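Reading through the structure tokens given below for one structure.
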Number of protein chains: 2
Amino acid sequence: MTVLTRKGEQTRLRIVTGAAAEIRERGVAAARLEDVMTRTSTSKSQLFHYFPGGKEELLLAVARHEADQVLADQQPMLGDLSSWAAWQQWRDSVVRRYLAQGQECPLNSLLGQSGSRSPGARAVTAELIRQWLEALVIGIHRMQAAGEIAAAVDAERAAAALIAGIQGGVIIFLSTGRITHLEAALDVGIEGLRASTRLF
Amino acid sequence: MTVLTRKGEQTRLRIVTGAAAEIRERGVAAARLEDVMTRTSTSKSQLFHYFPGGKEELLLAVARHEADQVLADQQPMLGDLSSWAAWQQWRDSVVRRYLAQGQECPLNSLLGQSGSRSPGARAVTAELIRQWLEALVIGIHRMQAAGEIAAAVDAERAAAALIAGIQGGVIIFLSTGRITHLEAALDVGIEGLRASTRLF
DNA sequence: CTAGAATTGGACCCGCAAGTCCAGAAATGG
DNA sequence: CCATTTCTGGACTTGCGGGTCCAATTCTAG
């Protein structure tokens with residue numbers, strides 16, 4: 001697989017998105033290569049042609065794909081957190097995303113399973129978290145510049161806490177079906193930022 | 001398995017704790033029955049004698065066991081959140097617990113994987129979260145009674161957000177190795193409660 | 001002490017899904 | 001248009017690991 005032709009590239013992408021869908025529906029553990037083949041109308045040789053490392057390599061590709069998706073789904077809100085209205089819209093988009101997805105977050109299951117093991121998957125997560133954090137920090141800084149958030153607030157820490165809250169909220173939603181925690185984490189987090197100006 | 005003799009009970013417990021350890025070290029997906037047998041010096045017939053439902057039933061028992069452990073590890077702090085010093089001690093105990101555990105949270109992996117599927121595992125999580133929430137709510141109420149937290153604070157929501165933050169913080173720690181998020185979630189959460197009295 | 005239940009050992013079965021292989025079809029570039 | 005590379009199909013192998021079975025042994029109660 002030195003160079004991919006256009007057709008090859010299409011097939012590869014089809015496999016990745018198909019595998020992602022399969023994982024979303026059935027979970028990582030239950031996702032079989034054969035199902036991916038059926039769904040994407042490909043044969044085994046194709047899978048191993050594009051992913052010589054087999055299942056593990058495919059899973060990693062899926063993780064990358066889904067990590068991109070997570071951030072993409074929050075745009076354009078995440079990139080322009082310059083007013084409280086924007087923050088609120090972003091909050092809503094996050095809640096909506098997971099409500100719509102309902103079943104399973106492929107990223108979480110991906111990382112919860114083989115993720116912690118393989119260094120590759122770890123890197124994917126770390127990068128996702130980093131980018132996410134960065135976007136939030138920029139948003140907080142912007143609000144600080146506008147005087148809407150106290151300058152004394154540690155933007156990094158606040159953003160880190162917010163992301164943790166989202167992650168946990170999503171996990172709890174996935175495993176109990178209750179969206180309360182995700183909403184609470186977002187709302188409490190944002191309100192904390194809003195209230196900061198009244199504290200100093 | 002109508003009635004368990006003392007010996008039987010011991011063996012059963014040995015299997016559960018052994019399986020838990022195995023899962024902690026290798027992850028749910030990679031945990032093989034055979035390894036559990038070796039570690040606990042038991043044979044296959046014993047496994048299926050005590051867990052007729054096979055692996056799934058064993059996993060569920062492990063989940064229950066670990067869920068209890070999660071709360072037990074936070075005691076006695078969690079049960080007596082009646083001063084800011086106590087809150088701080090609780091916070092430290094949570095951080096310490098996961099730092100010490102380092103590798104993998106069996107509960108998270110357990111629930112991240114087959115958890116969302118089997119209704120039994122869902123129930124275990126739901127119950128854990130419920131108890132955890134309850135303990136925090138009681139703590140918040142106590143602090144409100146003492147005038148240390150504003151009465152206007154929605155205890156349920158604040159507790160829900162805090163738990164989400166912890167969960168997410170742990171996940172991020174497990175998959176990136178950075179404890180920052182867990183600490184940030186706890187600290188920001190507690191500080192938010194502390195600051196509440198200055199807002200109303 | 002003894003009948004019946006609980007417990008234990010380990011050999012065996014079996015299905016599933018990952019991974020291999022090779023031959024043939026399509027595409028690419030000169 | 002032809003040589004070379006990329007791409008595709010599907011049959012085959014393989015090993016792993018969950019689950020079954022039965023016979024032997026130990027425990028408990030009356």
Side-chain angles (χ1 to χ4, degrees), chain A residues 1-23 25-63 109-110 113-114 117-118 120-121, chain B residues 1-23 25-63 109-110 113-114 117-118 120-121:
Chain A
M1 187 184 48
T2 48
V3 175
L4 285 180
T5 64
R6 171 173 311 193
K7 195 175 178 188
E9 201 126 15
Q10 282 179 345
T11 306
R12 203 196 118 101
L13 182 64
R14 191 154 40 94
I15 292 174
V16 171
T17 52
E22 204 64 33
I23 288 172
E25 289 174 21
R26 305 165 103 91
V28 190
R32 287 166 303 180
L33 251 40
E34 205 183 324
D35 294 333
V36 176
M37 285 159 53
T38 309
R39 177 187 282 256
T40 61
S41 305
T42 48
S43 68
K44 201 154 262 188
S45 69
Q46 283 165 287
L47 279 188
F48 283 85
H49 180 69
Y50 294 106
F51 306 95
K55 196 179 189 182
E56 191 178 327
E57 189 176 342
L58 173 58
L59 251 42
L60 190 59
V62 171
S109 42
L110 236 35
Q113 192 236 4
S114 61
R117 311 290 164 201
S118 83
Chain B
M1 188 184 46
T2 48
V3 175
L4 286 180
T5 64
R6 171 175 311 191
K7 196 174 174 188
E9 201 127 14
Q10 280 178 349
T11 306
R12 202 196 119 103
L13 183 63
R14 191 153 39 95
I15 292 174
V16 172
T17 52
E22 204 64 34
I23 289 172
E25 289 174 19
R26 306 164 103 91
V28 190
R32 288 165 302 178
L33 251 38
E34 206 183 326
D35 294 333
V36 176
M37 286 161 50
T38 308
R39 178 188 283 257
T40 62
S41 306
T42 49
S43 69
K44 202 157 261 187
S45 70
Q46 284 165 287
L47 279 188
F48 282 84
H49 179 69
Y50 294 106
F51 306 94
K55 196 179 189 181
E56 191 177 329
E57 189 176 341
L58 174 59
L59 250 43
L60 190 57
V62 171
S109 42
L110 235 35
Q113 190 236 3
S114 61
R117 311 290 165 198
S118 82

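Residue numbers begin at 1 in each chain, while the letters A, B, ... track the order of the sequences. Keep in mind the model is a prediction, meaning the values are calculated, not measured. These values consider heavy atoms only, across backbone and side chains, with no hydrogens, waters or symmetry-generated copies.
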Starting at [atom1] of [X] and ending at [atom2] of [N], how long is that distance when rounded to a whole Å?
{"X": "A:His49", "N": "C:dG24", "atom1": "NE2", "atom2": "P", "answer": "19 Å"}
{"X": "B:Arg14", "N": "C:dT7", "atom1": "CZ", "atom2": "P", "answer": "12 Å"}
{"X": "A:Tyr50", "N": "C:dG19", "atom1": "OH", "atom2": "P", "answer": "19 Å"}
{"X": "A:Leu47", "N": "C:dA17", "atom1": "CG", "atom2": "C1'", "answer": "12 Å"}
{"X": "A:Arg12", "N": "C:dA27", "atom1": "CZ", "atom2": "P", "answer": "20 Å"}
{"X": "B:Met37", "N": "C:dG10", "atom1": "CE", "atom2": "C1'", "answer": "8 Å"}

(Q) Treating primed atoms plus P, OP1 and OP2 as sugar-phosphate and everything else as base, which nucleotides of nucleotides 12-27 of chain D get B, S or - for protein heavy atoms under 4.0 Å? (A) -----SBBBB----SS
(Q) Using 0.5 Å steps for rounding, measure from the NE2 atom of B:His49 to the CD1 atom of B:Ile15. (A)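 With rounding to 0.5 Å, NE2 (B:His49) is 9.5 Å from CD1 (B:Ile15).
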Q: Check side chain to side chain donor-acceptor pair (under 3.5 Å) between B:Arg32 and all other residues, then give those that pass, not counting sequence neighbours.
A: B:Asp35
(Q) Could you work out, with side chain to side chain donor-acceptor pair (under 3.5 Å) as the rule, every residue matching B:Ser43, not counting sequence neighbours? (A)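 Counting only residues at least two positions away or on another chain, B:Ser43 forms a side chain to side chain donor-acceptor pair (under 3.5 Å) with B:Ser45, B:Gln46.
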Q. Under 4.0 Å between a side-chain N/O of A:Gln46 and OP1 or OP2 of D:dT8, yes or no?
A.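 For D:dT8, OP1 or OP2 has a side-chain N or O of A:Gln46 closer than 4.0 Å.
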(Q) I'd like to check the side chain to side chain contact (heavy atoms under 4.5 Å, CB included) partners of A:Leu60; sequence neighbours left out, ordered by chain and number. (A) A:Arg64, A:Ala121, A:Val124
**Q.** side chain to side chain contact (heavy atoms under 4.5 Å, CB included) partners of A:Ser41, counting only residues at least two apart
**A.**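 Scan of A:Ser41 (side chain to side chain contact (heavy atoms under 4.5 Å, CB included), adjacent residues dropped) gives A:Arg14.
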Q) Which residue pairs pass the salt bridge (charged side-chain N to carboxylate O under 4.0 Å, His left out) test when at least one of the two sits in residues 41-51 of chain B, sequence neighbours left out? A)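 Of all non-adjacent pairs touching residues 41-51 of chain B, none passes salt bridge (charged side-chain N to carboxylate O under 4.0 Å, His left out).
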